[in-house]
There are 2 protein chains.
Amino acid sequence: MHENDGQNSRPSPNGSGRIRDVAREAGVSTATVSRTFNRPDSVKHQTLERVFEAARKLNYIPDSAARAMGSKVSRRIGVLIPTIDDSIFTRFIGALQQRLSKDRYTLLVGVYDFDPEYEANELHSLIESGVDGVVLCGARRSNDLYELLQGRNIPFVNASIYSPESPYPSVGPDFRSAAKELTRYLLDFGHRKIGFIDLASDTNDRAALRLAGIVDALEPECLSLPNERHIERPLSFEDGRIGLRTLLEYTPDLTAVICGNDVFAIGALFEAKDLDISVPGELSIVGFDNLELSAQISPGLTTVNFPTAEMGARVAEKLLMTLMGKPTPHAIHIETNLIIRGSSGPYRGLSR
Amino acid sequence: MHENDGQNSRPSPNGSGRIRDVAREAGVSTATVSRTFNRPDSVKHQTLERVFEAARKLNYIPDSAARAMGSKVSRRIGVLIPTIDDSIFTRFIGALQQRLSKDRYTLLVGVYDFDPEYEANELHSLIESGVDGVVLCGARRSNDLYELLQGRNIPFVNASIYSPESPYPSVGPDFRSAAKELTRYLLDFGHRKIGFIDLASDTNDRAALRLAGIVDALEPECLSLPNERHIERPLSFEDGRIGLRTLLEYTPDLTAVICGNDVFAIGALFEAKDLDISVPGELSIVGFDNLELSAQISPGLTTVNFPTAEMGARVAEKLLMTLMGKPTPHAIHIETNLIIRGSSGPYRGLSR
DNA sequence: GATTATTATGTAAACGGTTACATTATGGTG
DNA sequence: CACCATAATGTAACCGTTTACATAATAATC
């Protein structure tokens with residue numbers, strides 16, 4: 001009864017009405033074709049085969065825009081990252097992607113260059129693309145953005161930060177504790193004049209937390225972090241070099257530098273080499289993140305391992321749960337651990 | 001005459017029928033709202049204002065899926081890159097993105113890990129997302145993919161390769177000539193035992209071209225590149241190290257290594273340092289790409305500068321032209337240039 | 001001021017799927 | 001075998017825009 005009527009069965013002139021073509025070819029209705037792809041177990045085995053065969057024959061690729069329209073769901077997740085030039089973030093989105101694709105979700109990436117205004121733009125653009133959920137980095141951002149998401153009922157997760165006290169869900173490390181631990185490690189080596197290079201802490205809460213953690217460790221020793229020993233720079237190897245030079249300018253007897261991430265730290269390491277400062281003999285340099293490069297370089301970089309791949313998987317899972325209406329922990333802690341390599345050691349006196 | 005009728009003017013329960021809400025609020029038809037955003041000069045100034053005001057008030061964000069459905073155009077471009085872990089590609093997509101956004105196009109990125117099968121999957125997924133155009137890397141891929149694109153009339157550009165003789169449009173450097181020039185540079189220093197580390201040349205035409213270029217330079221000198229001096233590895237610093245170790249195992253009197261990209265080269269540089277081989281005294285190491293890191297490291301890496309940011313802009317422009325139906329050159333050449341730094345020099349004899 | 005060209009807006013039919021609901025086939029029971 | 005529960009499929013409305021075409025407003029011309 002459902003066979004081709006033979007008179008209008010050309011597979012559409014150039015690609016229009018496409019699910020209909022498959023339906024006609026297989027001799028079923030469009031609803032059945034749709035079900036075949038979306039809920040195969042609700043379709044009789046034999047019909048399934050016919051539809052698959054027809055789809056294959058016609059080279060059918062469903063139109064996700066139409067799907068999104070029809071179903072009110074796009075199966076797309078958006079993620080906003082501050083930069084794509086730090087492999088810590090590419091690892092993260094790689095892991096996100098991988099986990100999401102298992103549930104047939106697709107990832108849309110927006111990059112905002114650490115600029116809150118771009119971040120807002122990119123979020124709008126993600127929403128325009130119809131994402132079902134959003135992943136953000138950190139928690140510090142304009143209230144407007146949170147309201148935008150909540151107003152549209154778009155679930156989201158703040159990644160890269162662990163903030164149980166925040167009203168918003170989060171998955172990430174406790175940078176404050178990690179920074180404290182790292183600083184303690186340096187203090188135990190006898191370092192007293194410690195410098196700090198990081199991103200701008202006013203727009204970046206991770207940087208602010210690292211700063212707080214350092215102060216946490218310094219205070220019991222009656223030490224502090226004066227302004228001239230706290231440098232904020234944009235992110236690049238070169239800025240790590242600049243950071244170190246600036247620190248040394250004001251504090252020539254500096255004995256240790258904490259860098260908010262390994263990019264700065266590696267830059268500082270290069271600069272130390274060029275300045276003929278022996279590491280760790282005269283200067284200890286430590287970082288955050290544990291990039292692949294940090295293990296390769298020599299001396300190896302002492303750093304705080306930040307398992308962003310694991311974080312990506314956890315974030316994805318949390319978001320997927322939320323999308324399925326299942327409850328999830330409000331804040332998930334990602335463990336970091338101190339990795340000690342050759343770039344740090346006891347203070348051994350200056351040769352400068 | 002078009003004012004609210006007052007009885008069903010609630011701004012939609014939770015976000016449905018949205019362009020209608022703006023239309024109602026502004027007292028115009030949905031067509032006018034649509035025109036307001038898409039061809040503002042076809043709308044009377046005063047109406048424009050009213051619509052913008054209404055849109056702002058209702059926090060209107062158009063639904064791009066619906067737009068795509070209605071207009072048959074998504075204003076999305078897809079790009080397929082082999083990896084996101086090499087900053088040469090992040091620079092590239094950054095530049096692409098930037099140029100495309102000027103024309104209000106959005107970029108969708110797919111990563112295929114140098115695996116042709118993934119590449120096919122990702123291309124399907126891009127098409128499913130309704131991209132208006134596609135950017136690929138290199139030209140060597142299954143015919144099916146080309147047919148898929150052509151069958152659907154989706155314009156595309158092969159980036160990272162300059163192939164005027166290919167039937168497909170391309171924008172990129174001439175790796176063969178560049179490799180030849182780089183090799184000549186080493187030969188002129190007296191190097192005769194040269195090793196080569198690169199990606200797998202069977203699936204990667206850029207690697208194949210670099211290989212060909214090296215051979216081009218060696219042949220006139222009656223030299224060749226025996227198998228044991230040609231290593232193919234996946235892409236990572238560690239694989240650069242492995243590559244160098246393997247080369248030295250079979251050819252202990254190696255005097256120079258050409259790496260297909262700077263990641264390998266930097267890995268090799270690290271390995272040389274760990275093996276106490278002086279660079280460039282005992283061994284010259286050169287690469288391709290000119291990463292930020294290659295200038296920072298010491299010794300600085302001699303390499304072939306590959307302006308991927310420029311390439312991104314050119315690729316974007318070519319694709320945009322094509323989308324507007326304007327003719328473009330079939331193949332565009334991106335200039336590379338040799339950057340000489342400290343990692344290469346005359347052969348000065350072994351201490352091994 | 002009637003007529004015509006031009007500009008601004010409205011009307012309604014697509015676009016390609018999904019899905020609630022209706023209908024038909026299938027299989028199990030007494 | 002009539003009856004009913006269940007499984008499989010079909011019908012058609014709907015999602016939020018765009019756009020061809022129709023119509024209304026405005027400007028230009030005589």
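Below, chains carry the letters A, B, ... as their sequence lines are ordered, and counting in each starts from 1.
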What is the nucleic acid contact for [X], judged by heavy atoms within less than 4.0 Å: base, sugar-phosphate only, or nothing?
X     : value
A:V33 : nothing
A:S34 : base
A:F37 : nothing

Between atom [atom1] in [X] and atom [atom2] in [N], what is the gap in whole Å?
X      : N      : atom1 : atom2 : result
A:D41  : D:dT6  : CG    : C1'   : 15 Å
B:R67  : D:dC15 : CZ    : C1'   : 16 Å
A:H45  : C:dA25 : NE2   : P     : 22 Å
A:N38  : C:dG16 : CG    : C1'   : 13 Å
B:L58  : D:dG16 : CG    : P     : 14 Å
A:D132 : D:dC15 : CG    : P     : 18 Å
A:Q46  : D:dA8  : CD    : P     : 12 Å

Axis-to-axis angle across the helix from C:dG1-D:dC30 to C:dG30-D:dC1, five pairs an end, to 10 degrees? 40°
Stepwise salt bridge (charged side-chain N to carboxylate O under 4.0 Å, His left out) test for B:R18 and B:D21: CA-CA 5 Å; B:R18 301 189 289 99; B:D21 300 331; over 6 Å; no
Charged N-O contact under 4.0 Å between A:R50 and A:E25: no
Ion pair present between B:R56 and B:E53, side-chain N to carboxylate O less than 4.0 angstrom? yes
Where the side chain of [X] is defined as all heavy atoms beyond and including C-beta, which of [options] is the nearest nucleotide?
X     : options                : value
B:Y60 : C:dG16, C:dT11, D:dT17 : D:dT17
B:R35 : C:dA12, C:dG10, D:dT9  : C:dG10
A:R39 : C:dG17, D:dG10, C:dT19 : C:dT19
B:A66 : D:dG16, D:dT19, D:dG10 : D:dG16
A:R20 : D:dT18, C:dG17, D:dT17 : C:dG17
A:K44 : C:dG17, D:dG10, D:dA8  : D:dA8
A:K72 : C:dG17, D:dG16, C:dG10 : D:dG16
B:I19 : D:dA12, D:dT9, D:dT17  : D:dT17
A:S29 : D:dT18, D:dT11, C:dT9  : D:dT11
A:D63 : D:dT19, C:dG16, C:dT9  : C:dG16

What is the ring orientation for B:F114 with B:F89, classed by angle as parallel under 30°, tilted 30 to 60°, or perpendicular over 60°? perpendicular
Using side-chain contact (heavy atoms from CB on, under 4.5 Å) as the criterion, point out the one residue from B:V28, B:N38, B:L48 that pairs with B:V43. B:L48
Is there a side-chain polar atom (N or O) of B:S71 under 4.0 Å from OP1 or OP2 of D:dT18? no
Should A:R18 be listed as having a side-chain N or O under 4.0 Å from OP1 or OP2 of C:dG16? no
Taking the side chain as C-beta and beyond, is there a heavy-atom pair between A:D132 and A:R76 under 4.5 Å? no
For the residue pair A:V33 and A:A23, what are the closest heavy atoms and their distance? CG2-CA, 3.6 Å
Nearest heavy-atom approach of B:F92 to B:A159 is CZ-CB, 3.6 Å
5'-most contact on DNA chain C: A:M69 or A:T32, nearest heavy atom basis? A:M69
Of A:R50 and A:T30, whose closest DNA chain D nucleotide lies nearer the 5' terminus? A:R50
For A:S42 and A:G70, find the nucleotide of DNA chain D closest to each by heavy atoms; which residue's nucleotide sits nearer the 5' end? A:S42
Would you confirm whether the ring centroid of B:F52 sits within less than 6.0 angstrom of the ring centroid of B:Y60? no
